[in-house]
K.L.:
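Before I ask anything, let me first share the structure, which is written out below as structure tokens.
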Protein chains: 2
Amino acid sequence: MSGHEKSRLLSSAVADQRLLQHKVKPTAMRVLVLEYLLTQQTAISLNDLEKGMQPADRITIYRTLKTFEQKGLVHLIDDGTGVHKYALCDDACGPAEHHDLHVHFYCNNCKETYCLSDSKIPEIALPDGFGFNEMNLVVKGHCDKCRS
Amino acid sequence: MSGHEKSRLLSSAVADQRLLQHKVKPTAMRVLVLEYLLTQQTAISLNDLEKGMQPADRITIYRTLKTFEQKGLVHLIDDGTGVHKYALCDDACGPAEHHDLHVHFYCNNCKETYCLSDSKIPEIALPDGFGFNEMNLVVKGHCDKCRS
DNA sequence: AATTTCATGCAATGCAATTGCATTGTTTCA
DNA sequence: TGAAACAATGCAATTGCATTGCATGAAATT
């Protein structure tokens, strides 16, 4: 390991830890992506991620996110805009299943997508014979910043 | 008006009525699309609509659906598959707003998308400062046909 | 050191939504 | 009625994004 590598690892011990916990090999790229995600308050698209951490290859980021998703670090959000958004999972998420059954909020004004971790999705009464597996609830409106 | 045209109009009085109610000029194309939609039990994609009523131009169907949506005849459903689905609205829908705050159900087995008109979306508690406008709730699982 | 496995980067593909433009049909109005 | 204005249609082309193929490079394992 080079000196540069070592110092990088030291400065990103948190990210490394998190990667290792989820059995993801902490490469430079992955640490960078994870660190960037850690700075975000809202979900982010591949495009914005690419812009924010240039120079970095779009496809590599894409595959990194896919790996993160499979290992339970990140969940993919479909907010209805047509473009995928990504956000860090709670610690409780693992490779087998995501525990992100929370509400997502899309602000029609600033176009940001929030994870409302505290707003749980209530029970829905389904017609007879229908069996529940997963669900996706997106609320749209104006966020706190855009209303004040 | 030709005899053929007249008989067509007579046989599709229901569709014509519905179009006129929503201030949509009942052209041949629009009547055909609406009649096809009336036969559907589940939401349908542009692709399937095109296949089902060939020969008909894909783009024209697309724009017809867009018109229907704007006039409150049809609502567009984002079921998370990435392709848009369309379904007829309740009579209560108008041009200004859609009253389709019902749950949509996607069957992971038969890939059909249902409008669960009777399952209303419950109140969601949002964080302070967040204002509600619209919402989209998609439940996924297995439908009644695929479980029996 | 050699082999294998994994990560990365670039190019290319695929799919669906959407737009531009020319043509045709329909309404309006003098 | 006839011409102008407008709306609907059809075809071609474009866009935007997700996704895959393939070749190179790095890392781990023996």
Side-chain angles (χ1 to χ4, degrees), chain A residues 1-2 4-6 8-9 15-16 19-20 22-34 36 43-51 53-71 73-86 95 111 113, chain B residues 1-2 4-6 8-9 15-16 19-20 22-34 36 43-71 73-86 111 113:
Chain A
M1 185 186 298
S2 73
H4 172 264
E5 269 285 289
K6 181 180 278 185
R8 184 193 61 71
L9 283 179
D16 275 42
L19 288 171
L20 290 172
H22 288 86
K23 307 233 164 58
V24 177
K25 199 195 300 178
T27 68
M29 195 68 196
R30 288 169 176 172
V31 172
L32 285 176
V33 171
L34 177 51
Y36 196 90
I44 188 171
S45 69
L46 178 58
N47 255 329
D48 290 344
L49 209 35
E50 186 190 10
K51 282 176 198 151
M53 41 182 301
Q54 55 190 234
D57 180 57
R58 176 188 188 77
I59 313 299
T60 304
I61 302 177
Y62 169 77
R63 279 194 265 236
T64 301
L65 290 169
K66 201 156 195 179
T67 302
F68 284 4
E69 197 203 348
Q70 288 165 349
K71 296 307 179 74
L73 272 150
V74 149
H75 62 276
L76 191 157
I77 302 163
D78 176 7
D79 59 10
T81 59
V83 314
H84 290 169
K85 303 285 170 61
Y86 301 86
K111 317 297 186 198
T113 300
Chain B
M1 187 187 296
S2 73
H4 173 264
E5 269 285 289
K6 182 181 276 185
R8 185 193 60 72
L9 283 179
D16 275 42
L19 288 171
L20 290 172
H22 289 85
K23 308 231 163 58
V24 177
K25 199 195 300 178
T27 67
M29 195 68 196
R30 288 169 177 171
V31 172
L32 285 177
V33 172
L34 177 52
Y36 197 89
I44 187 171
S45 70
L46 177 58
N47 254 330
D48 290 344
L49 209 35
E50 186 191 9
K51 282 176 199 153
M53 41 182 300
Q54 55 190 240
D57 181 55
R58 177 189 187 77
I59 313 300
T60 303
I61 302 177
Y62 170 76
R63 279 195 264 234
T64 299
L65 290 169
K66 202 156 195 179
T67 302
F68 284 4
E69 197 203 347
Q70 287 164 350
K71 297 305 179 70
L73 271 150
V74 148
H75 62 276
L76 192 157
I77 302 164
D78 176 8
D79 58 10
T81 60
V83 315
H84 290 170
K85 304 284 169 65
Y86 301 85
K111 317 299 186 199
T113 300

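Lettering follows sequence order; numbering is per chain, from 1.
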K.L.:
Can you check the A/E50 CD to D/dG16 C1' distance for me, whole Å?
P.N.:
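Taking CD of A/E50 and C1' of D/dG16, I get 13 Å after rounding.
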K.L.:
Taking CG from A/L19 and C1' from C/dA7, how many angstroms apart are they, rounded to a whole number?
P.N.:
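Taking atom C1' of C/dA7 as the reference, CG of A/L19 is at 14 Å.
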K.L.:
Could you tell me how far apart A/L65 (CG) and C/dT8 (P) are, to the nearest whole angstrom?
P.N.:
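Result: 12 Å.
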K.L.:
Could you list the protein-to-nucleotides 28-30 of chain D atom pairs, N/O on both sides, closer than 3.5 Å?
P.N.:
none

K.L.:
Which of the following nucleotides, D/dG10, D/dA18, C/dT18, is nearest to the side chain of B/H84?
P.N.:
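Side chain of B/H84 sits closest to C/dT18.
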K.L.:
Taking the minimum atom-to-atom distance to the side chain of A/I59, which one of D/dT20, D/dT9, D/dG10 wins?
P.N.:
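Output: D/dT20.
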K.L.:
Counting only N and O atoms by type, is there a donor-acceptor contact under 3.5 Å from the side chain of A/Q70 to the main-chain atoms of A/T67?
P.N.:
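Answer holds: no.
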K.L.:
Are the side chains of B/D78 and A/D78 in touch, meaning some heavy atoms are under 4.5 Å apart?
P.N.:
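The answer is yes, as the side chains (C-beta and beyond) meet within the 4.5 Å cut-off.
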K.L.:
With a 4.0 Å cut-off on heavy atoms, is B/R30 in touch with a base, just the backbone sugar-phosphate, or nothing at all?
P.N.:
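The answer is sugar-phosphate, as B/R30 gets under 4.0 Å only of primed atoms, P, OP1 or OP2.
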K.L.:
Ignoring hydrogens and geometry, is there a side-chain-to-backbone donor-acceptor pair from B/R30 to B/L19 under 3.5 Å?
P.N.:
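Pair absent, no side-chain N/O of B/R30 close to backbone of B/L19.
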K.L.:
Go through C/dA17, C/dG20, D/dA8 for me and flag the one nearest to the B/R63 side chain.
P.N.:
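For the B/R63 side chain, the nearest candidate turns out to be C/dG20.
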K.L.:
Can you tell which of D/dT20, C/dT19, D/dT9 lies closest to the side chain of A/K66?
P.N.:
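Closest nucleotide to the A/K66 side chain: D/dT20.
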K.L.:
Could you state the CG-P distance from B/L32 to D/dT9, rounded to the nearest angstrom?
P.N.:
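Interatomic distance, CG of B/L32 to P of D/dT9: 10 Å.
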K.L.:
Give a yes/no on whether any side-chain N or O of A/N47 is located under 4.0 angstrom from OP1 or OP2 of D/dG16.
P.N.:
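So the side-chain polar atoms of A/N47 never come under 4.0 Å of the phosphate oxygens OP1 or OP2 of D/dG16.
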K.L.:
Rounded to the nearest angstrom, tell me the gap between atom CD in B/Q70 and atom C1' in D/dA8.
P.N.:
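Answer to the nearest Å: 14 Å.
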K.L.:
If I take atom CD in residue A/Q54 and atom P in nucleotide C/dG9, what distance separates them, rounded to the nearest angstrom?
P.N.:
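Nearest whole value for this atom pair: 14 Å.
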K.L.:
Could you tell me the separation between the CD1 atom of A/I61 and the NZ atom of A/K66, rounded to the nearest 0.5 Å?
P.N.:
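If I round to the nearest 0.5 Å, the distance is 15.5 Å.
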K.L.:
Taking all non-hydrogen atoms of both residues into account, name the closest pair between B/E50 and B/A56 and its distance.
P.N.:
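Nearest pair, atom of B/E50 first, then B/A56: CG-O, 4.1 Å.
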K.L.:
Just N and O in the side chain of B/Y62: are any of them under 4.0 Å from OP1 or OP2 of C/dT18?
P.N.:
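Answer yes for this pair, as a side-chain N or O of B/Y62 is under 4.0 Å from OP1 or OP2.
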K.L.:
Is the distance from OP1 or OP2 of D/dG10 to the nearest side-chain N or O of B/T60 less than 4.0 Å?
P.N.:
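For D/dG10, OP1 or OP2 has a side-chain N or O of B/T60 closer than 4.0 Å.
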K.L.:
Verify whether one side chain among B/D79 and B/T81 offers a donor that lies under 3.5 Å from an acceptor in the other.
P.N.:
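Yes, side-chain donor-acceptor contact under 3.5 Å.
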K.L.:
Working to the nearest 0.5 angstrom, can you tell me the gap between A/Y86 OH and A/Y36 OH?
P.N.:
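A/Y86 OH to A/Y36 OH: 15.0 Å, rounded to 0.5 Å.
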K.L.:
Using whole Å, report how far CG of A/D57 lies from C1' of D/dG25.
P.N.:
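Computing the A/D57:CG to D/dG25:C1' distance gives 14 Å.
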K.L.:
Establish, with yes or no, whether the OP1 or OP2 oxygen of C/dT8 is under 4.0 angstrom from a side-chain nitrogen or oxygen of A/T27.
P.N.:
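So the side chain of A/T27 is within the cut-off, an N or O lying under 4.0 Å from OP1 or OP2 of C/dT8.
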